[in-house]
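Contents: one structure, followed by commentary.
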Amino acid sequence: MTTRDRVMELAAKALARVMLPLAHLNAPGHARHVTCQWALGLRFPNEDLTGLTPATYAAFTTARTEAFWKDGQLIGLTSGHRDAAVQHRMYIESLHKPGKPVLHPAESGHVRGTALDVRPMEGARWLEENGERYNLYRTYDNEWWHFEYRLRRPERLPYPGAVRAYR
Ligand SMILES: [Zn+2]
């Protein structure tokens, strides 16, 4: 994390704490969620949650609120829903880069709106440890940042597109 990121993180946490009583007045019952959203907006101003399925969106925002108020973790979204054309371009490019597999749009959770690439690494670690409560699972050994909304814990694969082991 850069110094600027660290400063913004501290500022975001301080803001959320100061604003909590005010949020209680404006949004009774949702104050923790609302103030967490403010803090996240300050810390990750460019993130885009549009295109996620409603269940994925709800799971992620609930998990983030818990992570923030319980453990002081701000979890940002680097990439959520992706247009099929964007995913297809990434897929084609990946064919020339061995060791960096990218799924075809037809197989990608990002295109379906159920996949979340998160940051920073500490935030991803929190989600790996606590995500099951929200049906959010890390699905690949080689991508610490990639999580998916699934109704049941999936078998974790070594990398995207890896053939599932027969058991
Ligand atoms: Zn991903």
Side-chain angles (χ1 to χ4, degrees), residues 1-6 8-9 12 33 36-37 39-41 43-167:
M1 214 186 276
T2 65
T3 308
R4 187 184 173 279
D5 285 349
R6 221 178 291 276
M8 289 310 283
E9 174 143 343
H33 173 76
C36 177
Q37 290 301 113
L40 287 163
R43 175 68 181 79
F44 306 109
N46 298 318
E47 68 173 15
D48 181 8
L49 276 72
T50 55
L52 297 175
T53 68
T56 306
Y57 179 88
F60 188 50
T61 52
T62 307
R64 296 210 289 183
T65 302
E66 185 77 5
F68 180 66
W69 284 110
K70 207 169 132 243
D71 298 313
Q73 284 292 343
L74 277 168
I75 304 175
L77 185 69
T78 309
S79 178
H81 172 258
R82 268 182 222 142
D83 191 76
V86 172
Q87 182 74 23
H88 193 256
R89 198 183 324 126
M90 293 172 71
Y91 168 71
I92 296 294
E93 281 168 11
S94 79
L95 299 178
H96 307 287
K97 290 184 210 153
K100 290 229 169 205
V102 172
L103 290 180
H104 186 272
E107 298 174 340
S108 169
H110 284 292
V111 173
R112 284 193 298 272
T114 55
L116 308 154
D117 292 347
V118 306
R119 66 194 164 115
M121 200 183 258
E122 301 82 61
R125 202 172 301 132
W126 189 96
L127 207 53
E128 197 175 330
E129 283 164 15
N130 300 279
E132 187 162 20
R133 288 205 292 281
Y134 314 96
N135 295 102
L136 297 173
Y137 300 97
R138 177 176 167 182
T139 51
Y140 306 120
D141 293 337
N142 74 331
E143 294 190 358
W144 57 260
W145 56 86
H146 180 98
F147 290 79
E148 297 201 13
Y149 177 82
R150 301 279 186 91
L151 294 179
R152 261 182 291 156
R153 175 182 281 281
E155 182 187 347
R156 191 156 124 187
L157 299 176
Y159 54 86
V163 178
R164 232 166 272 275
Y166 287 100
R167 286 167 193 250

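Predicted model only: the values in this text are computed from it and were never measured.
Note: Y57 OH to L52 CG = 8.5 Å, rounded to the nearest 0.5 Å. Atom OG1 of T62 sits about 7.5 Å away from atom OH of Y134, to the nearest 0.5 Å. Distance check, rounded to the nearest 0.5 Å: CG of D5 to CE of M8 gives 9.0 Å. Of the inter-residue distances, the one linking S79 atom OG with R119 atom CZ reads 11.0 Å to the nearest 0.5 angstrom. Separation of atoms OG1 (T78) and CG (N46) is listed at 11.0 Å; rounding is to 0.5 Å. Note: L103 CG to Y140 OH = 4.5 Å, rounded to the nearest 0.5 Å.
Contact annotation: the side chain of L77 approaches that of F60 to within less than 4.5 Å [non-hydrogen atoms, C-beta and beyond]. Residues R150 and T139 are in side-chain contact: their nearest non-hydrogen atoms beyond the backbone lie under 4.5 Å apart. Between H88 and H104, some side-chain heavy-atom pair lies under the 4.5 Å cut-off. Side-chain contact between E148 and P154 is absent, with no heavy-atom pair separated by less than 4.5 Å. Between E93 and V102, the closest side-chain pair of non-hydrogen atoms is not below 4.5 Å. At least one side-chain heavy atom of H110 sits less than 4.5 Å from a side-chain heavy atom of D117.
Residue V118 comes nearest to W144 through the heavy atom pair O-CZ3, 3.8 Å, listed as atom of the first residue, atom of the second, then distance. The two residues A39 and L74 have their closest heavy-atom pair at CB-CD2, 4.1 Å. Across all their heavy atoms, R64 and C36 have their closest contact at O-SG, 3.8 Å. Contact record, A63 with L127: CB-CD1, 4.1 Å, taken as the closest heavy-atom pair. In this structure, F68 and A12 approach most closely via the heavy-atom pair CZ-O, 4.5 Å. L151 and N135 get closest at one heavy-atom pair: O-ND2, 3.3 Å.
Residues in residues 66-76 take part in these side-chain hydrogen bond (donor to acceptor under 3.5 Å, both in side chains) pairs, two or more places apart or across chains: D71-W126.
Scanning for salt bridge (Lys or Arg N to Asp or Glu O under 4.0 Å) contacts around E128 gives R138, R156, with sequence neighbours left out. The salt bridge (Lys or Arg N to Asp or Glu O under 4.0 Å) search around R112 returns none, not counting sequence neighbours.
Around atom CZ of R4, no more than 12 heavy atoms belonging to other residues, nucleotides or ligands sit under 6.0 Å away.
The closest donor-acceptor contact from the side chain of S94 to the backbone of Y91 lies under 3.5 Å.
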